[in-house]
Amino acid sequence: MGDSVLQQFTPKKEEAAIDTSKKLKIGIIGTGWIAEAHAEALLQCPDVEIVALADLIPGKAEKFAARYGITGARFYPSHKEMIDSEELDGVHVCTYNRTHAECAGYALDHGVHVLLEKPMTVTLDEAVELCKKEKASGKILSVGFQPRMDNNMKKICEIVQSGELGKIYYIQTGGGRRRGIPNSTFIEQKTAGIGAMGDIGCYSLDMVLRAIGYPKPLTVTGYKSAYFGANPKYNGEDAARFDVEDFAAAFIRLEGDIVLDFRISWAMHLDTPGDTVILGTEGALRIPSTECWNGTVGGPMRLYKDVAGSRVSMEIPLCPAVPHGVFYQKVRSFLDAIKYNRPAPVPTSEIIINQAIIDGIVKSAELGHEIVVDIPEI
């Protein structure tokens, strides 16, 4: 279990030169907090022009553009007016969860590529309809899962897919924060629809589901609560309008006789609900959690094996950071997919399964029993 084994899991990354002969015309829908990261990434791309911004709040898009030095852009009070008026190569949908499906769907219907912030949608039904629009349009719809760009996340996939663990049969995953309840549109049903699951739970699910090839979920037993978010003792004045979950847990049966044990939290009395553990017939992988789920791993991973009758373990060194950071790479991969006619970097064919699990947790928690998950054919 020496360097020869470790070399199997060494990521290979070469940064390509950017072709600036053609400028991509990009619009941003929604100019709230997450749009700031999108703008910062786009402004690092010499082959991009941010030509339009849309926001429901009068003057908000204009102030946003001024703050980031975006000149020459046009401003619109709605995504429809922007898309109807502009010739865009792509749009970044940075609105609150409840409007993800509407904004992304309208762009696809009008022949515009879409980078859609997570969660993909609020419900499975919305996700299915959005995937149908994507298929009919022939355009790219990529979902904003920037942790995928992290080299440590890629290494998890490499380890699992190398066969070192054998057949995977059980996964424990999740994450959270001791205190980390956001505010604004994140905490109300009318805007967010889902809470911690849509904010950070979708990332945690993607980390392990991607590694095992995104098998379809068969059944879900789910639980959710809001003991901290709805309590003024922990959430102050925001508690009065808090009506999404701040904690969720689930037991999910997947195709291939795999069990997924999942929990996610915005607030609790622990700094973490536990490490991620992937158990296989030939080995196991422990992925340290972080105190505040941030899209990477909390320290060096450890691989456990039996070798020549001895029980051994090996530390997997942390990988170097990607150039410019994972958020930039998320945006860059979307732009390159447009320019070079590549598939969506984060395809909806995978993320719809992620969404189906979250939808199943919500439904099971509300019904109080296990449910069967059915994802319609697109």
Side-chain angles (χ1 to χ4, degrees), residues 1-14 145-175 201-218 250-264 272-290 293-322 326 329 333 343 345-347 349-351 353-354 357:
M1 301 294 288
D3 291 343
S4 61
V5 177
L6 284 175
Q7 287 170 5
Q8 298 179 49
F9 312 128
T10 301
K12 300 174 179 62
K13 177 73 176 178
E14 295 182 3
F145 280 53
Q146 68 270 8
R148 285 193 175 206
M149 310 300 161
D150 179 78
N151 283 329
N152 295 294
M153 292 296 180
K154 294 177 183 178
K155 182 174 286 190
I156 294 168
C157 294
E158 292 172 7
I159 293 171
V160 173
Q161 293 166 14
S162 74
E164 284 288 332
L165 304 184
K167 174 191 158 28
I168 306 303
Y169 60 90
Y170 173 85
I171 298 173
Q172 168 186 297
T173 196
C202 59
Y203 288 150
S204 183
L205 288 169
D206 187 63
M207 176 175 69
V208 293
L209 291 171
R210 184 186 178 210
I212 60 174
Y214 256 101
K216 289 184 178 179
L218 303 176
F251 188 83
I252 304 140
R253 294 187 182 275
L254 304 169
E255 283 186 339
D257 195 26
I258 303 171
V259 168
L260 175 57
D261 183 355
F262 166 75
R263 79 287 300 210
I264 201 75
T272 172
D275 293 344
T276 290
V277 175
I278 303 177
L279 302 184
T281 55
E282 300 298 324
L285 181 67
R286 180 180 295 277
I287 306 164
S289 64
T290 57
W293 213 98
N294 60 5
T296 186
V297 301
M301 295 180 282
R302 187 162 287 275
L303 177 63
Y304 299 82
K305 299 275 289 181
D306 284 359
V307 177
S310 297
R311 299 172 189 171
V312 301
S313 66
M314 177 181 63
E315 184 177 282
I316 309 292
L318 289 173
C319 298
V322 296
V326 293
Q329 294 297 341
S333 65
V346 184
S349 59
E350 294 177 352
I351 306 307
I353 294 173
N354 191 304
I357 290 173

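Along the sequence shown, residues carry numbers from 1.
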Legend entry - Donor-acceptor pair, side chain of K155 and main chain of L318, under 3.5 angstrom: no
Inset, instruction - Just jot down the side chain to side chain contact (heavy atoms under 4.5 Å, CB included) partners of R286, sequence neighbours excluded, or say none. - result: D275, V277, Y304
Inset, instruction - Identify, with sequence neighbours excluded, every residue that meets side chain to side chain contact (heavy atoms under 4.5 Å, CB included) alongside S333. - result: M149, P345
Inset, instruction - Can you see which heavy atom on G274 is nearest to which on S289, and at what distance? - result: O-CB, 3.5 Å
Inset, instruction - Return yes if some donor-acceptor pair links the side-chain N/O of S204 with the main-chain N/O of G174 below 3.5 Å, else return no. - result: yes
Inset, instruction - Nearest 0.5 Å please: distance from the CZ atom of R263 over to the OG1 atom of T173. - result: 8.0 Å
Inset, instruction - Taking the side chain as every heavy atom from C-beta outward, state whether P217 and L254 have any atom pair closer than 4.5 Å. - result: yes
Legend entry - Distance in Å, I264 CD1 paired with Y203 OH, rounded so as to fall on 0.5 Å steps: 11.5 Å
Inset, instruction - Just jot down the side chain to side chain contact (heavy atoms under 4.5 Å, CB included) partners of Q161, sequence neighbours excluded, or say none. - result: C157
Legend entry - Value rounded to 0.5 Å, distance of OG1 in T276 from CZ in F262: 10.0 Å
Inset, instruction - Might you confirm whether atom CZ of R253 has over 12 heavy atoms from other residues, nucleotides or ligands at distances under 6.0 Å? - result: no
Inset, instruction - Would you please test D257 and Y169 for side chain to side chain contact (heavy atoms under 4.5 Å, CB included) and show each step? - result: CA-CA 6 Å; D257 195 26; Y169 60 90; 5.9 Å; no
Legend entry - L209 side chain near I357 side chain, heavy-atom distance below 4.5 Å: yes
Inset, instruction - Could you pull out the closest heavy-atom pair between T290 and T272, with the gap in Å? - result: O-CB, 4.2 Å
Legend entry - Close side-chain approach of I278 and I159, heavy atoms under 4.5 Å: no
Inset, instruction - Using modelled atom types only, decide if a donor and an acceptor are shared between the side chain of K305 and the backbone of E164 within a distance under 3.5 Å. - result: yes
Inset, instruction - Could you tell me which non-hydrogen atom of P215 sits nearest to which non-hydrogen atom of E255, and how far apart they are? - result: CB-O, 3.7 Å
Legend entry - By side chain to side chain donor-acceptor pair (under 3.5 Å) - contacts of Q172 (at least two apart): none
Inset, instruction - Determine whether more than 12 heavy atoms belonging to other residues, nucleotides or ligands lie under 6.0 Å from atom NZ of K216. - result: no
Inset, instruction - Carefully, step by step, assess R311 and D306 under the rule side chain to side chain contact (heavy atoms under 4.5 Å, CB included). - result: CA-CA 5 Å; R311 299 172 189 171; D306 284 359; 3.6 Å; yes
Legend entry - Separation of I316 CD1 from N152 CG (nearest 0.5 Å): 10.5 Å
Legend entry - Derivation of the side chain to side chain donor-acceptor pair (under 3.5 Å) call for Y170 and D261: CA-CA 8 Å; Y170 173 85; D261 183 355; 2.9 Å; yes
Legend entry - Any donor-acceptor N/O pair, T281 side chain to K167 backbone, under 3.5 Å: yes
Legend entry - Non-hydrogen side-chain atoms of M153 and M207 separated by less than 4.5 Å: yes
Legend entry - Residues that N354 engages under side chain to side chain donor-acceptor pair (under 3.5 Å), provided they are two or more places apart: Y214
Legend entry - Contact summary for P288 and P300, nearest pair of heavy atoms: CG-O, 3.3 Å
Inset, instruction - Could you tell me which residues satisfy side chain to side chain donor-acceptor pair (under 3.5 Å) with R148, sequence neighbours excluded, listed by chain and number? - result: D206, E350
Inset, instruction - Answer whether the closest heavy-atom distance between the side chains of L205 and L260 falls below 4.5 Å. - result: yes
Inset, instruction - Look at the side chain of N151 and the backbone N and O of P320, then say whether any donor-acceptor pair between them is shorter than 3.5 Å. - result: yes
Legend entry - Heavy-atom closest pair, residues I156 and A211: CG2-CB, 4.0 Å
